[in-house]
Amino acid sequence: MKEKFHVSSSPHIHSGVTTSEIMRDVAIALMPASVMGVYQFGFQAFLVLLVSVTACVVTEYLYEHFMKKPYHPYECSALVTGLLIGMNLPASIPLWMPVVGGIFAILVVKQLYGGLGQNIMNPALAARCFLLICFTGQMTNFSILTASEYGASNKGTYLFYHGAAAVDGITGATPLAAVKAGESVQLFDLFWGFTGGVIGETSVVMILIGAVYMLYRKVINLRIPLAYLLSFVLFLVLFGGHGADPTYLAIQLCGGGLMLGAFFMATDYTTSPITPNGQIVFGICLGILTGIFRIFGKSAEGVSYAIIFCNLLVPVIEKVTMPTAFGRGRKG
Amino acid sequence: MAAGTFQGGMHPYDGKELSMDRHTSVLLPKKELVFPVSQHIGAPAVPVVSVGDTVLAGQKLAQATGYVSSCVISSVSGTVKAVEPRLTATGGKVLSIVVENDGEYRMAQGIGELRDVSRLSKEEIRKIIQEAGIVGMGGAGFPTHVKLTPKEDTAIDYVIVNGSECEPYLTSDYRMMLEEPKRLIAGLKIVLKLFERAEGIIAVEDNKPEAIAKVKEAIGTDSRISVRQLKTKYPQGSERQLIYAVTGRKINSSMLPSDAGCIVNNVDTILSVGLAVAESTPLMRRVVTVTGNAIKEPGNFIVKTGSSYQELLEAAGGFCAPVGKMISGGPMMGQALYSLDIPVTKVSSALLVLTQEEARQLEPGACIRCGRCVSVCPGRIVPQKLMEYAQRFDTKGFEKIDGMECCECGCCTYVCPAGRKLTQSFKQMRRQVQEERRKK
Ligand code: SF4
Ligand code: SF4
């Protein structure tokens, strides 16, 4: 009789929400933006995504296999990292680069720091920054030749491979670079994502759809993204030199990697604070830092570096924002 | 007024629909009843009967030793068959008095006589409660007469009856509020006699509107007693959370409710006080919910203490699905059982049987730092960090980040997507810390 029953300590029930389910939800939430990226930049974008996902999953598998660690194929965490790396790359990049990025992210940033939950920097962003430093040229080349500029003999094939962005009459420059250079951009295009940029960051609408899904599934909460976006806007109003000009603010909010960063990368569990107040502090730090990078920095971008930098602050933020236990006064 | 609540907590599937509409039925025991001498917190009682003695229902079997201790009363008439260690719900063997039931339920003298409560002094009331063997029946088993004797009676502002019954599946308190509201109020009035400045509050979660209506009706126009609605959320019935939700006062693990001017008692405890004081009936029965998806006919039973869990199971029609886990109490804080050959004690609130599907455990994985444990913890501590110390068996660090404020509610383990056994580790750590403190 004794063997028949499971005798363990309470609690005896579980919510049923597991790590794999959460990771799967994140992957699902990334789908709209990915699909939009492929539509915009064509089959080559699809290849980049596919290659980086494969690189991450295979690296993870091989590492855990050779280190004799249990492999959790359903955990989907490497898949999400791979997807995020791909989404942070320009579509025109040579395909061996996502491979390098994926291996770097999983092997160096994640596994060598102890694996799932232990890394101190967001693997996808660390990989992006690594590639940016090593291969600045390819990583910042967003120019797209339209079909007629290219002189494509078969327009259909050309567009299939290069996507909607290569249709005649659409500029390839990233909106923030354009603004920095004094050009004007169409807010509508920005919002829907008919602009240049890395694969996954262009369409605010698609990113927000994914974000709403994650919020609905309670995968993330609003503390980090909201604190991030609000403090960023506030910083721009104060120091951006355009006051509260709504067009300027909207372009800054919708352009570049801000939305993707705020909802999908700043909220990465492992590299953001676990304490509720810490999450707000973290968001504010991000907002200010992104503002500094964008206004005073040389490049028009700044989200990736801001997030990576704030990742390093997480232990400190957590330490100072430890909650006070229920019924305990402020302790000295 | 908005429903009272607290920070943290969560909503597990509550399974109450299985048994909440089942009227209680009285369950008569079979041959043998087992009465452990330690069913409470504090010094074990000492047997005052010996093998071969004839005992009557309501007769004392074991005498409390010292102040923080409680008497054990026979629930049947019969013969003492043995005084020996027997298995109990906690998994260990405890010295027990075994009574052979003669099936006649002859009462000891004076049992059931009505008393004129208005003529009793405070001391007499406390004495009766002590002699009746009443302890906190919500699960802790702290002797009620001790609880009802704070440093100063006049410092008590609230006597709270905990009717939240936040543990999933349990419905015994709910049934009592529906079926015995008058007796409940009578019991509360007796307790209020001890604390002249206090108001009586019956705290009920807002998913139990019928109970609220019944209790309100029983209160009538008494201005000293009121019902307070609480938000339905686990662990609303945890003492500290309850006090906060009702009064806005906060206490920590090293304080007593009376430090915040509160006395908190469970529904069945207050009922037992009423029975003991007004009707000269010591603690011989308790209300038990037998439920779960592996139970054929879930229900609520009025059970004589000392009855076997096996009989509870039979009364509920036995199993109807492959058994995954048997639990004494609720799924969040109850005790897993490996045998049903154990007695119902003063603190047995339920027999819950989960199916294999429901009892499946998650394979513990790496913490993904999702923060779910932090947001549900009613103690406002950081389980994820506590776990780091627990894994290193670092009791100092554990104490430093308020590990002792953990009330072992189980919320963190319930939500952890990585399946980490947080609560389970904290329990061990807390035992360890308490032990170290005692040594000092
Ligand atoms: S709930 Fe589990 S996985 Fe999430 S932070 Fe807490 S311990 Fe880690
Ligand atoms: S078991 Fe302890 S640490 Fe976990 S949620 Fe409950 S009080 Fe917090």
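Side chains included, hydrogens not; waters and symmetry mates left out as well; all remaining heavy atoms used. By convention in this document, chain letters (A, B, ...) are assigned in the order of the sequence lines, proteins followed by strands, and residues within each chain are numbered from 1. Just so it is clear, the model here is predicted, and its values are computed rather than measured.
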Taking every non-hydrogen pair under 4.5 Å, which of [options] racks up the most with chain A?
{"options": "Gln241(B), Glu358(B), Lys427(B)", "value": "Lys427(B)"}
{"options": "Gly371(B), Cys370(B), Cys373(B)", "value": "Cys370(B)"}
{"options": "Arg372(B), Gln335(B), Arg240(B)", "value": "Arg372(B)"}
{"options": "Leu352(B), Val374(B), Ile381(B)", "value": "Val374(B)"}
{"options": "Ala260(B), Gly410(B), Pro331(B)", "value": "Pro331(B)"}

Knowing that exactly one of Leu116(A), Val314(A), Thr271(A) qualifies, which makes a side chain to side chain contact (heavy atoms under 4.5 Å, CB included) with Arg369(B)?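 Single pass found, and it is Val314(A).
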Would you say Ser8(A) and Gln424(B) make side-chain contact, with heavy atoms under 4.5 Å?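 SC-SC contact between Ser8(A) and Gln424(B) ruled out.
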Any side-chain heavy-atom pair of Val382(B) and Pro323(A) under 4.5 Å: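 Yes, at least one pair of side-chain atoms sits under 4.5 Å.
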Over all heavy atoms of both residues, which pair between Glu405(B) and Ala325(A) is shortest? Give the atoms and the distance, please. CG-CB, 3.8 Å
Shortest non-hydrogen separation from His14(A) to Val415(B) and the atoms involved: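 Nearest pair, atom of His14(A) first, then Val415(B): NE2-C, 4.2 Å.
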Within 6.0 Å of [atom1] in [X], more than 12 heavy atoms from elsewhere:
{"X": "Glu357(B)", "atom1": "CD", "answer": "no"}
{"X": "Gln118(A)", "atom1": "CD", "answer": "yes"}
{"X": "Tyr13(B)", "atom1": "OH", "answer": "yes"}
{"X": "Lys69(A)", "atom1": "NZ", "answer": "yes"}
{"X": "Tyr305(A)", "atom1": "OH", "answer": "yes"}
{"X": "Asp394(B)", "atom1": "CG", "answer": "yes"}

Gap between atom NZ of Lys385(B) and atom CE of Met322(A) - 0.5 Å precision: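 Nearest 0.5 Å value for the CE-NZ distance: 6.5 Å.
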For the OG1 atom of Thr19(A) and the CZ atom of Arg420(B), what is their distance to the nearest 0.5 Å?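 Answer for the OG1-CZ pair, Thr19(A) versus Arg420(B), is 10.0 Å.
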For Leu354(B), is it the side chain, the backbone, both or neither that has a heavy atom under 4.5 Å from a heavy atom of chain A?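 Interface part for Leu354(B): side chain.
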Counting only non-hydrogen atoms closer than 4.5 Å, does Ile368(B) touch chain A with its backbone (N, CA, C, O), its side chain (CB onward), both, or neither? both
When you measure from the side chain of His12(A) to the backbone N and O of Gly334(B), does any donor-acceptor pair fall under 3.5 Å?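 Side chain of His12(A) to backbone of Gly334(B), a donor-acceptor pair under 3.5 Å: yes, one is there.
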Donor-acceptor contact below 3.5 Å, side chain Lys325(B) vs main chain Ile13(A):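 Pair absent, no side-chain N/O of Lys325(B) close to backbone of Ile13(A).
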Answer with side chain, backbone, both or neither: which region of Gln279(A) has an atom nearer than 4.5 Å to a non-hydrogen atom of chain B?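 For Gln279(A), neither part sits under 4.5 Å from chain B.
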Of the backbone (N, CA, C, O) and the side chain (C-beta and beyond), which part of Thr267(A) lies under 4.5 Å from a heavy atom of chain B, both, or neither?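 Neither the backbone nor the side chain of Thr267(A) comes within 4.5 Å of chain B.
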Checking side-chain polar atoms at under 3.5 Å, does Lys421(B) have a donor or acceptor matched by the opposite partner on Ser9(A)? no
Would Phe326(A) and Tyr244(B) satisfy ring-ring contact (aromatic ring centres under 6.0 Å, His included), going step by step from the backbone distance to the final call? CA-CA 10 Å; Phe326(A) 184 86; Tyr244(B) 177 71; 5.6 Å; yes
